[in-house]
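A, B, ... follow the sequence lines: proteins, then strands. Residue 1 opens every chain.
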Number of protein chains: 2
Amino acid sequence: MPGSEKSVAPKFRRRADDRPDEVLDAALELFADQGFANTKVEQIAKRAGLSKGTVYLYFPSKQAIIEALVRRAVTPVAERALAHAGAFAGDPRNGISAALRQLAHGLADVRILAIPKLVVREAALVPELAQMYRHEVLDRVLPAIEMLIQRGIDAGYFRQVDANLTLRSLIGPILVHLMLADVFDISPPEGLSFDRLIENHLTILFDGLSAPEQVGAP
Amino acid sequence: MPGSEKSVAPKFRRRADDRPDEVLDAALELFADQGFANTKVEQIAKRAGLSKGTVYLYFPSKQAIIEALVRRAVTPVAERALAHAGAFAGDPRNGISAALRQLAHGLADVRILAIPKLVVREAALVPELAQMYRHEVLDRVLPAIEMLIQRGIDAGYFRQVDANLTLRSLIGPILVHLMLADVFDISPPEGLSFDRLIENHLTILFDGLSAPEQVGAP
DNA sequence: TGCAAATAACTGACCGGTCAGTTATTAATA
DNA sequence: TATTAATAACTGACCGGTCAGTTATTTGCA
C-alpha cells in the first residue's frame, strides 16, 4: 500500500536552492530533442516534477531558461581547457594530440554535446546564446590551440602554415564526424569511434596523406 | 503619380505555373534567417506578393513548403557532383583538390549554403528533411569522394589510411570555417577566404604539418 | 510541548495574443 | 456566364505568462 511507510516522499521540498538546476536539467533534455520553440514550459515543469507556475517563480521567461542553461554549462569549460593546453612543453605534437583527444572525448558525452548543439540551432533566434558561447568557450579554447600551433611553427617543428587556418584543419574532422552521425545518422562501417577517427586524423595531420617517397607514385 | 501609366502592375497574375517557385524562394529567405517555427505563413505570402490563402492553393501545409524547398534544391546537386568527381584520372590528388575547391566554391554561395543550414537546424523536428538530404546529396557525394581516396590508396599514391575516416579529415575544415563564421562570427584576421583555407588545408592534407626533415626538430 | 499566526513553496485555472489553416466573396479570364 | 485565381475575413487551437488561492513548513507565544 502506498503511503504506509513513514516519510515516503516529502510533498514540498523546502528551501529549494536546487530547484533552478532541476528545471534546467529538464529543459536541456527537452530542448535538445525538440528544439526551443517546440518545447512547452509545461513540459519542462512536468519533467522537473513541478507545475508551470513554479517554473516562473525561478525564471522570468522561457528564454531566460535557455540562457541560464547555456551559461551554467559553459562557464566551467574555460578553466579546464586552458589549464590542460598550457601544460605541454617540448614537441607541440604531443600537446595538440592531447588537446584533440580531450576535445573529442568531451564531445562524446551526450550531456556535454547537447549544449553546443543547442547553441548552434538556436543561435539565429537568440543571438545572446552564440555570443555567450563564443565569449566563454570559443574565444578561450581556440586561441589556446592556435598558440600551440604557432609555437610549433616558431620552434621549427611545423612548416610555415597559417596557424589560424590550420586550427580549422585540426578540429574540423571532429565536427563532421559528429554532425554526420548525429544529424544524418551516417557512421563509418566499423562504427562511430572517436578514437579511430582521431588516430587516423593525426596521422594525416602530422605526416600527410601522400605516401612516403618509395612506394608507388611515378 | 503612381498608377498613371497604363498597365503598371497587373493586380492579379493569372494561371501562375511559377507561383510555387516564387513561394519557395520567399520561404527560403525567411526560413534561413528566422528558422521554420518563427516564420509565419503570412510573411512568406507577403514576400511572394501573395495573400496567405493563395499559398494554401499551392501547398497543403507549412511543412510541405519546407519539404518542397529542400527537394527542389537538392535534386539537381547529385548529377553535377558525380559528373565532376569521376572525371579525374592519374594522380588522385588533382581530383581531390578539385572536388574540395568545388565544394568550397559552392558553399560560398549564400543561396546554396542556406539549404544545408536549414536542414541541419530543422532536422530534429522534421526528420524527412535530413532523410531527403542524406539520400539525394550525402549518399552520393560522400562515397564519390571516398572512392577517390580509396583509388589513391590502391594505386600507391596515398598511405594505407581508412578512406571513410579520411573523408572526414578532408571536408571537416570547410564545415568549421563556415560554422565559425556564420554562427559565431569568427573569421581569420585576414578575412574569410575560402581559397586560402583550401590551399592551407591541401598543404597539410597531402604533405602533413610536420616540417621536412632538416629544419629544426631535435 | 501544543497551538496559532506567518510565510514560503506551489498549483492550476485563466487571459490575451498569435497563427496555421478554412471559407465566403470578389476579380479576372475565356 | 462559367470557371478559375486570388483575397480578406474568420476560426479555433495553442501557449506563454499571470495570479488568486492552497498546502506545507516555520516561527512565535503560551
Tell me whether B/Lys46 is salt-bridged to B/Glu42, with the criterion being a basic N under 4.0 Å from an acidic carboxylate O.
no

Measure distances between side-chain N and O atoms of B/Lys62 and base N and O atoms of C/dG21, and say whether any donor-acceptor pair falls under 3.5 Å.
no

Could you work out which one of [options] sits closest to the side chain of [X]?
{"X": "A/Tyr56", "options": "D/dG17, D/dC15, C/dT22", "answer": "D/dG17"}
{"X": "B/Ser51", "options": "D/dA8, D/dG17, C/dA20", "answer": "D/dA8"}
{"X": "A/Lys52", "options": "D/dG16, D/dA6, C/dT11", "answer": "D/dG16"}

Taking any heavy-atom pair under 4.0 Å as a contact, classify B/Leu50: base, sugar-phosphate, or nothing.
sugar-phosphate

Counting only pairs under 3.5 Å, give me each side-chain donor-acceptor contact of residues 165-178 of chain A, with atom names and distances, residues two or more places apart or in other chains.
residue, atom, partner, partner atom, Å
A/Thr166, OG1, A/Asp162, O, 2.7
A/Thr166, OG1, B/Asn200, ND2, 3.1
A/Arg168, NE, B/His177, ND1, 2.7
A/Arg168, NH1, A/Asn164, O, 2.9
A/Arg168, NH1, A/Asn164, OD1, 2.5
A/Ser169, OG, B/His201, ND1, 2.8
A/His177, ND1, B/Arg168, NE, 2.7

For [X] and [N], give me the distance from atom [atom1] to atom [atom2], rounded to whole Å.
{"X": "B/Lys46", "N": "D/dA6", "atom1": "NZ", "atom2": "C1'", "value": "16 Å"}
{"X": "A/Lys40", "N": "D/dG17", "atom1": "NZ", "atom2": "P", "value": "13 Å"}
{"X": "A/Gln43", "N": "D/dC14", "atom1": "CD", "atom2": "C1'", "value": "13 Å"}
{"X": "B/Leu57", "N": "C/dT23", "atom1": "CG", "atom2": "P", "value": "13 Å"}
{"X": "A/Asn38", "N": "D/dC14", "atom1": "CG", "atom2": "P", "value": "13 Å"}
{"X": "A/Glu42", "N": "C/dT11", "atom1": "CD", "atom2": "P", "value": "11 Å"}

Using a 6.0 Å cut-off, check whether atom CG of B/Asp139 has over 12 heavy atoms from anything other than its own residue.
yes

Report the distance from atom NZ of B/Lys52 to atom NZ of B/Lys40, rounding to the nearest 0.5 Å.
11.0 Å

OP1 or OP2 of C/dA9 sitting under 4.0 Å from any side-chain N/O of A/Thr54?
no

